[in-house]
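So that the names make sense, note that chain A is the first sequence line, chain B the second, and so on, each numbered from 1. Worth saying up front: this structure is predicted, and the values here are computed from it rather than measured.
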Amino acid sequence: MTVDSTAGAGKAPRAAKKAAPRTRAKAKAPRTATTAAAPELVQLLTPEGERVEHPDYSIDLSPQELRGLYRDMVLTRRFDGEAAALQRQGELGLWASLLGQEAAQIGSGRALRDDDYVFPTYREHGVAWCRGVDPLNLLGMFRGVNHGGWDPNQNNFHLYTIVIGSQTLHATGYAMGAQMDGTDSAVIAYFGDGASSQGDVNEAFTFAAVYNAPVIFFCQNNQWAISEPTEKQTRVPLYQRAAGFGFPGVRVDGNDVLAVMAVTRAALERARTGQGPMLIEAFTYRMGAHTTSDDPTRYRHDDEREAWALKDPISRLRTYLADNGLADEEFLADIDAESDRMAKRVREGVRNMPDPETLAIFDNVYADGHALVDEERAAFAEYQASFADAAAGEGH
Amino acid sequence: MTVDSTAGAGKAPRAAKKAAPRTRAKAKAPRTATTAAAPELVQLLTPEGERVEHPDYSIDLSPQELRGLYRDMVLTRRFDGEAAALQRQGELGLWASLLGQEAAQIGSGRALRDDDYVFPTYREHGVAWCRGVDPLNLLGMFRGVNHGGWDPNQNNFHLYTIVIGSQTLHATGYAMGAQMDGTDSAVIAYFGDGASSQGDVNEAFTFAAVYNAPVIFFCQNNQWAISEPTEKQTRVPLYQRAAGFGFPGVRVDGNDVLAVMAVTRAALERARTGQGPMLIEAFTYRMGAHTTSDDPTRYRHDDEREAWALKDPISRLRTYLADNGLADEEFLADIDAESDRMAKRVREGVRNMPDPETLAIFDNVYADGHALVDEERAAFAEYQASFADAAAGEGH
Amino acid sequence: MTRMPIVKALNTSLRKALETDPKVLIMGEDVGKLGGVFRVTDGLQKDFGEDRVIDTPLAESGIVGTAIGLALRGYRPVVEIQFDGFVYPAYDQIVTQLAKMHARALGKVKLPVVIRIPYAGGIGAVEHHSESPEAYFAHTAGLKVVTPANASDAYWMLQQAIATDDPVIFFEPKARYYDKGEVSTEAIPDPLHKARVVAEGTDLTLAAYGPMVRVALEVAAAAAEDGRGIEVVDLRSLSPVDFDTLQASVEKTGRLVVTHEAPVFLGMGSEIAARISERCFYHLEAPVLRVGGFHAPYPPSRLEDEYLPDLDRVLDAVDRALAF
Amino acid sequence: MTRMPIVKALNTSLRKALETDPKVLIMGEDVGKLGGVFRVTDGLQKDFGEDRVIDTPLAESGIVGTAIGLALRGYRPVVEIQFDGFVYPAYDQIVTQLAKMHARALGKVKLPVVIRIPYAGGIGAVEHHSESPEAYFAHTAGLKVVTPANASDAYWMLQQAIATDDPVIFFEPKARYYDKGEVSTEAIPDPLHKARVVAEGTDLTLAAYGPMVRVALEVAAAAAEDGRGIEVVDLRSLSPVDFDTLQASVEKTGRLVVTHEAPVFLGMGSEIAARISERCFYHLEAPVLRVGGFHAPYPPSRLEDEYLPDLDRVLDAVDRALAF
Ligand SMILES: Cc1ncc(C[n+]2csc(CCOP(=O)(O)OP(=O)(O)O)c2C)c(N)n1
Ligand SMILES: Cc1ncc(C[n+]2csc(CCOP(=O)(O)OP(=O)(O)O)c2C)c(N)n1
Ligand SMILES: [Mg+2]
Ligand SMILES: [Mg+2]
């Protein structure tokens with residue numbers, strides 16, 4: 001199994017040989033793909049797994065940390081694949097895959113402190129993983145048993161937000177509060193390339209700049225908003241949007257976990273020290289469909305995907321680890337075993353996830369109660385009981 | 001009467017002496033005022049009435065054209081003052097004065113072709129003037145007899161829009177249409193510094209950029225959004241917003257009618273030749289209250305206003321005309337007389353403006369009719385008639 | 001006459017409109033190559049080009065706002081909002097601009113903009129994909145609001161909406177997209193704002209629209225087995241509502257049940273109950289009963305069958321009304 | 001007990017809230033030095049600083065969206081929307097986020113955000129400054145909606161709204177800002193969501209809220225001269241509505257007229273008519289009549305006296321109801 005096909009198939013790289021992908025990748029790279037980063041793109045680990053330096057951003061991680069990032073990405077991808085499989089089996093109504101975006105999410109997620117706060121979209125399964133959110137929690141809404149429902153304050157990871165862009169304002173407000181509280185915690189808001197067009201996102205930029213709020217705007221430009229390529233949202237690179245609002249923007253190779261981490265750390269450091277917001281555009285690619293309901297063959301070509309497969313975030317780190325003797329067979333086997341355990345737990349957990357009680361419809365509409373809800377709940381309970389009564393009556 | 005006090009009082013400069021305002025202005029300039037334009041500010045006529053050159057923007061107007069601009073500004077200011085007076089006399093419910101913004105409006109308004117289209121806010125009385133809109137038409141909504149009600153297509157001047165920023169999207173859509181029609185007409189959307197924070201304005205930037213629409217975004221940064229200074233909307237100069245959306249932005253001295261005209265012409269030329277949108281920030285000052293309902297003494301200092309009075313758009317052009325022998329006493333007297341005639345016509349016109357018929361409430365809710373409106377109209381007519389009947393009955 | 005699902009009837013209707021009027025445009029997210037997430041615009045961009053079938057940036061206010069500008073320029077934009085729950089960013093443009101501009105101009109400009117919204121639930125979707133926001137629009141003067149319940153109406157009402165010189169909010173019952181029906185592109189259609197009696201009966205009137213018409217017909221069939229004649233009225237238009245047709249039916253039956261998926265509190269049923277209670281004060285033998293969604297956010301999909309008014313819940317109300 | 005206008009009662013209430021709870025914030029356009037265009041926040045920024053009384057950028061969605069974020073962080077933001085007609089840019093944040101987030105989190109987060117909206121007409125203003133959009137919010141599950149009609153309620157209901165752990169849309173009848181009344185900051189107030197009988201009578205119930213309560217009391221006085229006893233109910237809360245109080249009154253009087261400035265079609269009156277017609281089916285001697293705004297944009301100010309329901313129009317409905 002080669003590095004590329006592994007990435008392409010979205011499977012955990014269990015049988016990967018220590019190939020020499022660098023030259024192969026170069027040889028195969030189609031015209032649209034650039035293996036060397038464009039000058040504006042911050043990169044610390046090339047697609048071929050080679051460490052490079054950048055004048056503004058650097059990182060120095062211990063072997064353990066590097067292995068940790070690798071483990072996070074592999075487990076996240078495995079979880080994602082498992083969820084997609086569960087959707088195909090009818091256990092989930094929908095799944096929004098992060099395939100290809102593991103480095104963007106793990107690199108940024110692992111740059112955060114526990115007291116920082118995350119406002120995700122609906123695709124940040126990797127960030128959730130970094131925050132310690134139980135993966136099962138993420139599946140409730142896709143199964144249809146709740147709309148999210150985890151406690152955001154338990155892991156400082158807000159609920160998934162579906163209305164595009166809304167959460168960037170929540171993040172900004174939260175950051176304003178963190179600032180007023182005199183803490184040095186920061187906030188990170190995830191959003192997509194499509195979301196950049198929403199008024200809310202641009203209003204968030206304005207508020208963040210005006211109040212100098214400690215918020216990082218983390219845009220995963222995965223090149224697509226469902227069927228629309230990024231050119232339908234902007235005619236210049238998205239990171240450039242920030243300057244016009246008065247804060248810095250940077251484009252990072254979103255498939256390079258080291259660069260993402262370095263850039264996010266720098267942004268967080270700025271935020272913590274009162275220097276205000278920053279926009280990070282993680283240049284990446286949505287390897288899969290928008291969601292399991294989507295059919296990307298209608299609007300994009302396979303060769304685009306193939307070109308991006310050569311830049312796979314996991315294989316390049318594996319190559320680096322292998323080349324530098326940082327990952328042996330045992331390490332990889334351990335991750336495989338852990339993946340299997342996690343996948344099993346997720347499968348079983350989902351299948352055993354109880355459907356909500358009918359009357360839960362009326363729960364939590366209000367925190368302090370509401371007469372109409374009480375009345376409707378009572379009437380509906382009575383209506384339902386009438387069937388039970390009738391059934392019981394028949395039974396006699 | 002000196003140049004400064006003339007500007008400050010907002011009156012038509014009928015008795016202005018040919019003073020030497022240049023040195024005086026400099027001597028009096030308080031710390032916050034810069035008589036020399038900042039490097040980023042396009043200026044062709046200094047506050048002292050001196051013609052200067054700019055590397056990117058130039059203009060060459062005939063004496064007649066120059067006098068025309070002067071006349072436009074004086075008449076616009078007179079109209080504005082007259083409307084304010086009518087409000088004080090109870091003839092209008094409200095007035096939003098453009099005092100101080102004459103050059104921004106006349107310079108841009110006179111750069112347009114007849115087939116270009118204007119989307120104003122509620123303060124573009126000067127632009128309306130350039131378009132040939134009857135000033136009386138502008139007063140209907142401030143008197144409360146209609147919500148605008150003029151025919152936008154008669155002068156390619158859309159209705160005043162009160163909901164901040166909305167019209168920038170209408171302008172963009174209109175420009176998309178003009179482009180599809182294969183014309184080389186352009187569209188100009190006016191908005192304020194406050195409006196720049198609205199999601200709609202930023203969405204308009206996105207749409208305009210993506211479709212390369214021939215629309216000019218003309219922001220009159222008059223330093224205030226009611227009581228809020230521009231720092232509450234942005235922490236960098238507003239013209240810089242454009243670059244992040246992929247089109248050029250420029251800051252022009254909004255009190256310099258020549259520079260405004262030159263910059264607007266250049267932007268229009270770009271739009272006509274398929275080069276897409278442009279943002280112009282006209283740096284100016286709201287000399288009066290936000291509207292007649294507002295009390296600026298609560299939130300801003302007189303000295304700011306005084307500093308800006310030194311940059312008055314009308315006095316600097318008058319100085320230039322006078323210095324260059326382009327305006328004699330007769331010319332000035334003619335304008336005075338014309339102002340008086342116009343003011344008289346406006347006063348009389350407003351006083352004679354009929355109140356709408358009661359049943360006009362139901363007119364034009366729909367173009368193609370609506371059963372509910374018909375029913376309500378009939379019922380209300382009957383209800384009203386019942387009073388007439390009763391009165392008639394009593395009369396017998 | 002061709003038998004086709006609603007989604008195809010809509011597609012055919014849009015194609016017809018693009019063919020016959022060069023001013024008709026289609027705008028929205030993913031309406032181009034993808035053909036919309038429900039394929040309502042399938043194939044149209046291919047045949048009419050990117051200028052007529054426009055993939056827009058992801059910004060609903062921008063979509064409606066630019067559609068207004070295009071209408072001012074003489075175009076007739078047909079806007080797609082991807083799902084009911086995503087119309088709210090455009091709410092300001094719809095309520096303060098689209099609905100009011102004709103009056104603001106004293107009639108001197110017209111705003112022939114159609115906003116198509118796939119709405120209502122029953123498709124097992126995640127949050128924001130199953131809502132019924134029609135009352136927000138029907139309460140707004142200046143808008144017209146309609147919703148077809150079958151393929152023929154889907155075809156014709158969309159034709160009529162596009163031909164209307166007023167803004168029309170066009171609600172498409174997404175759970176019924178694959179319901180098939182006969183469509184004649186020759187027939188003379190009913191007026192756009194006319195309600196239609198789709199089942200006759202003398203014991204009780206059941207008013208429904210959009211996705212609930214199918215349920216209402218099932219209710220009538222079930223009641224018929226018990227010997228009770230339910231007259232089903234498909235309202236079709238929610239602004240204006242054809243109260244005359246409804247009144248005539250209620251004067252005959254003496255009883256009215258209204259059902260919709262939207263929450264009951266201030267839903268369409270409230271206006272219908274209020275007005276029919278007034279118009280038919282001496283004819284009503286029972287209060288107007290309403291069966292609808294609850295005063296709660298649309299629930300997670302595993303609860304939607306319980307949340308949505310169904311055969312049993314509507315029958316229960318019918319029984320209660322008849323028992324009065 | 002102090003006599004003060006509503007605007008002062010609101011100001012006093014905000015001051016009290018800022019003093020007693022350090023988590024209370026005020027946010028909005030021009031709420032700082034200017035004290036708001038109506039001076040409701042007059043002097044508060046001076047005394048509590050720019051961090052507690054926050055002048056925001058001119059962006060309503062941004063204001064509400066950041067208020068949500070602040071609430072998630074533990075703050076209790078009180079947001080001012082400058083005029084009724086400018087709430088729509090925030091509608092998406094209100095409907096899809098503020099109203100639904102508590103349920104989305106299965107109760108694990110609370111959203112104690114108050115949105116103050118000066119509403120309704122009668123002040124001779126230009127377009128968008130005189131609207132009554134309350135039904136849009138009352139139809140939305142997850143929001144509470146209240147509106148005081150006098151100074152004491154202005155003071156207390158705002159205190160209670162701020163203390164509520166749910167989002168509250170707080171509609172202030174701007175044409176009544178200068179109506180004076182006694183305010184006791186010691187009294188024990190009525191519950192926030194309770195309606196109040198403000199005039200007793202046995203012949204007919206007249207339900208009103210906000211700006212129309214004053215008119216309703218004038219109607220009762222005029223009717224009293226003719227020997228007819230009108231019971232006036234000030235609803236105070238529009239979500240939930242206190243139907244029990246209303247029902248008790250209608251069971252006594254047998255007749256109900258509802259009045260509000262908002263358009264009648266799908267206005268609050270429709271829900272009240274529908275529900276009371278159902279609850280009081282055997283008590284009603286006349287249909288519930290509604291007097292409100294027309295299905296038209298709020299007219300230019302020279303027509304607002306005709307557009308708004310006034311003494312005569314309400315009396316006309318009272319007469320018609322009594323004549324039934
Ligand atoms: C306001 C709104 N409009 C439309 C949608 C439907 N929708 C869901 S995801 C999506 C595309 C989002 O693209 P992007 O922001 O790039 O994020 P990605 O899915 O690529 O991660 C759209 C249009 C939505 N959820 N919210
Ligand atoms: C959406 C919206 N919010 C609030 C208002 C109230 N308002 C009217 S003018 C104004 C300030 C506008 O400032 P700016 O955009 O700078 O324009 P200027 O008045 O200075 O010309 C505000 C807040 C409004 N009209 N629309
Ligand atoms: Mg994307
Ligand atoms: Mg301004």
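Ranked by heavy-atom pairs under 4.5 Å with chain D, the first of V210(A), D200(A), N202(A) is D200(A). Ranked by heavy-atom pairs under 4.5 Å with chain D, the first of E375(A), M180(A), Q154(A), H147(A) is M180(A). Your options are M27(D), M101(D), H193(D), K110(D), and the one with the most heavy-atom pairs under 4.5 Å with chain A is M101(D).
Contact detail for F119(A) and L72(D): the closest heavy-atom pair is CE2-CD1, 3.7 Å. Scanning all heavy atoms of the two residues, the minimum distance from A367(A) to D166(D) falls at N-OD1, 2.6 Å.
With a 4.5 Å cut-off on non-hydrogen atoms, K144(D) touches chain A through its backbone and its side chain both. Of the two parts of R275(D), only the side chain, counted from C-beta on, holds a non-hydrogen atom closer than 4.5 Å to a non-hydrogen atom of chain A. Within the 4.5 angstrom heavy-atom criterion, atoms from both the backbone and the side chain of T164(D) approach chain A. No part of Y117(A) comes within reach of chain D, as not one of its non-hydrogen atoms sits under 4.5 angstrom from that chain. Of the atoms belonging to D244(D), not a single heavy atom falls under 4.5 Å from chain A. Proximity to chain A (any heavy atom under 4.5 Å) is shown, for A67(D), by neither the backbone nor the side chain. Heavy atoms closer than 4.5 Å to chain D are found in the side chain of T161(A), but not in its backbone. Only the backbone of L143(D) comes within contact range of chain A, judged by heavy atoms closer than 4.5 Å. Interface remark: D181(A) contributes backbone and side-chain atoms alike to the contact with chain D (heavy atom separation under 4.5 Å). For a residue to count as touching a neighbouring chain, one of its non-hydrogen atoms must lie under 4.5 Å from one of that chain's; by this rule T56(D) touches chain A with backbone and side chain alike.
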Given side-chain hydrogen bond (donor to acceptor under 3.5 Å, both in side chains), test S239(D) with H370(A) step by step and report yes or no.
CA-CA 8 Å; S239(D) 176; H370(A) 190 280; 2.9 Å; yes
